[in-house]
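Numbered from 1 within each chain, the chains take letters A, B, ... in sequence-line order.
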Amino acid sequence: MSAAVETVSIFEQWWLAIEPAVQANTLNFWQTIYKEIYLNVIKDDRWLQYLKGLGVTLEVSFFAILVGLLLGTVLAILRLPQVQNVSARGKGFFAQLGAGVVKLLSKFAGGYINLIRGTPLLLQVLIINFGIFGSIRIDKVIIGVIACGLNSAAYVAEIVRGGIMSVEKGQTEAGRSLGLSSFSTMIYIILPQAAKSALPAMCNEFISLIKETSILSYIALTELTKAGDYIRSRTYSAFTPYIVSGILYLAVVLTLTWAIGKLERRLRNSDH
Amino acid sequence: MTTDTIISVKGLQKHFDDGKLKALQGVDADIRRGEVVVVIGPSGSGKSTFLRCLNLLETPSAGTVSVEGVDITDPKVNINRHREKMGMVFQHFNLFPHMTILRNMTLAPMKLLKKSKAEAEQKAMELLKRVGLAERANAYPSQLSGGQTQRIAIVRALCMEPQVMLFDEPTSALDPEMVGEVLDVMKQLAHEGMTMVVVTHEMGFAREVADRVLFMDEGKIVEEGTPQQIFENPQHPRTQDFLAKVLV
């Protein structure tokens, strides 16, 4: 239809306007900036590639945070002194076996945290991608979620453990004296209070994780960093694609910081 | 008062730090149904440890604690079921700060007695009215005074309809002007026939409300008797010494 032919977008018109200057290499400052934006964002709908990359980054981050929170909380509980030094209630075979298994798991949790925190995330990503899933066709997003989630869990575990230990012992005693099991006491009484005091550190961890997913560009997952890198390889602009990616990371992190700050204020208002 | 024994303690010992600190060195005591037993004694005499052994918040190193004939130190016994029947009030209140008063009181009845929300709240409101705090049902613990907080802690325990109430220095952390309101609730409870074991420094309360007073020192019950016997005619030199210091 003729309408489509007529509507050359305003961006195209501007481009056409400066094109002679581009050829002659006589661009002024603002024209240079517009040239960069046009080539790296507008031309061929490249902005869509950033958005797709952003989508992948958010997807991986969201599920990795979920994995990290769940696994991290379990690891944190296994690392509590009362779990580490659990003693069998009774001399029965199963009581002894149960206590033995719990102690073993506790040791394993400690070792896991040391191992993950003591080695680079990049190395872990490479091992999971080429080592563990090397011969299996599997979505890179899933590999990213597994690698970043398993990594984050080690850090989350220490944050949650700190949170749990900041809750007064009297809270546990009050719960247990009412007849609640240690599990119910943990779920209804200790963890909600631990979560509140762990929130600022947790916010830090989430921010780190979101940015660290950029390492997944190493295994050719087209997340936000890789998307920028890919555009650079097409346009040969050394700065602009990375700056666009950077602005998007910043927007995500600032939004998250704002949301958690709001949550923190709400928790503070409700009980203090 | 009947002579039906509800808690029977035999040869109770509790050691801390691998036996370096012997908090309890062989305590025998019977608590009868409907009785108010007040435990007094100097700091570090093992009063609180004794009380905390009654619902196994501390695991005894030796000896037995029987509740209604069941030895609760036996690992096969489900201690949670027994704790439901034994309410406990702490020195530092220990209300759950992230829950409203009402939620503090209904959590355990809903989870353990399988009460519906409406049932549990009705019972909680009834008890709140009795201690004059019904209008604070939706407040958070940090919005209450110490005296109010401790009164809530008492009725929170009562929501489980316990057969015994254990009080661990319930007024020690309170400002002096708030001690009275908490003691009043405890007196009321005693008059209703609740079985109570109270660790306290409130000698006036012991004298007025106790059926029996236990004096503890260095992990043992040194002397026991009616309030008249203990306060007016103490036999043991350590009891005399202690009372001379606290009853000025």
Side-chain angles (χ1 to χ4, degrees), chain A residues 81-100 102 160 163-199 202 263-272, chain B residues 48 51-52 54-59 73-101 103-113 138-144 153 156-162 164-168 173:
Chain A
Q82 60 265 40
V83 177
Q84 267 178 331
N85 305 317
V86 74
S87 54
R89 270 195 40 89
K91 296 184 176 61
F93 173 71
F94 286 106
Q96 298 284 349
L97 184 72
V102 168
V160 172
I164 290 173
M165 288 175 54
S166 77
V167 179
E168 276 177 60
K169 205 168 151 251
Q171 292 290 312
T172 307
E173 293 186 345
R176 299 305 307 275
S177 78
L178 286 166
L180 293 168
S181 65
S182 52
F183 181 77
S184 294
T185 304
M186 184 55 77
I187 297 293
Y188 297 112
I189 296 167
I190 307 304
L191 282 182
Q193 297 184 61
K196 190 181 144 195
S197 67
L199 207 52
M202 206 63 96
L263 180 65
E264 235 175 275
R265 277 192 298 282
R266 229 185 65 193
L267 288 174
R268 212 170 28 232
N269 290 342
S270 71
D271 62 11
H272 278 296
Chain B
S48 286
L51 193 76
R52 291 160 57 83
L54 296 184
N55 67 352
L56 249 57
L57 278 189
E58 301 288 355
T59 314
T73 60
D74 182 344
K76 288 191 197 76
V77 168
N78 184 345
I79 187 61
N80 295 332
R81 295 290 81 75
H82 277 273
R83 285 180 177 143
E84 288 175 16
K85 296 187 282 184
M86 305 167 88
M88 189 161 196
V89 176
F90 300 87
Q91 181 177 1
H92 295 290
F93 327 131
N94 298 344
L95 290 188
F96 309 132
H98 59 301
M99 299 178 186
T100 62
I101 302 307
R103 179 89 176 119
N104 260 279
M105 296 175 69
T106 54
L107 175 72
M110 283 167 65
K111 297 286 169 220
L112 302 173
L113 306 180
N138 292 312
Y140 283 89
S142 61
Q143 297 166 324
L144 304 180
R156 177 178 70 178
L158 290 177
C159 280
M160 289 298 289
E161 295 166 31
V164 188
M165 285 287 285
L166 310 176
F167 293 85
D168 189 5

Original post:
Which value, rounded to the nearest 0.5 Å, describes the distance between A:Q171 atom CD and B:F90 atom CZ?
Top reply: 9.5 Å
Subject >> Contacting moiety of A:S181, where chain B heavy atoms sit under 4.5 Å >> reply: both
Original post:
To the nearest 0.5 Å, what is the distance between NZ (B:K111) and OH (A:Y188)?
Top reply: 3.5 Å
Subject >> Contacts of type side-chain contact (heavy atoms from CB on, under 4.5 Å), residue A:F93, not counting sequence neighbours >> reply: A:L97
Subject >> Proximity breakdown for B:L107 and chain A, heavy-atom pairs closer than 4.5 Å >> reply: side chain
Original post:
Do you know which of B:K85, B:M88, B:R156 has the most heavy-atom pairs under 4.5 Å to chain A?
Top reply: B:R156
Subject >> Interchain contact, B:M86 with chain A, by part (heavy-atom threshold 4.5 Å) >> reply: backbone
Original post:
Is chain A contacted by the side chain of B:R81, its backbone, both, or neither, given a heavy-atom distance below 4.5 Å?
Top reply: side chain
Subject >> Distance (rounded to the nearest 0.5 Å) between A:K196 NZ and B:H98 NE2 >> reply: 10.0 Å
Subject >> All side-chain contact (heavy atoms from CB on, under 4.5 Å) counterparts of B:Q91, not counting sequence neighbours >> reply: B:E169, B:S172, B:A173
Subject >> Exam field: side chain B:N94 to backbone A:G170, donor-acceptor pair closer than 3.5 Å >> reply: yes
Original post:
Does any heavy atom of chain A fall under 4.5 Å from the side chain of B:F96, the backbone, both, or neither of them?
Top reply: both
Original post:
Taking everything shown except A:M165 itself, do over 12 heavy atoms lie less than 6.0 Å from its CE?
Top reply: no
**OP:** Quick one: pull up CG in B:N80 and OG in A:S182 and give me the separation to the nearest 0.5 Å.
**Re:** 7.5 Å
**OP:** Verify, without hydrogens or angle tests, whether B:E84 (side chain) and A:S177 (backbone) share a donor-acceptor contact under 3.5 angstrom.
**Re:** no
Subject >> Spatial distance of atom CG (B:L112) from atom CG (A:L178) [nearest 0.5 Å] >> reply: 8.0 Å
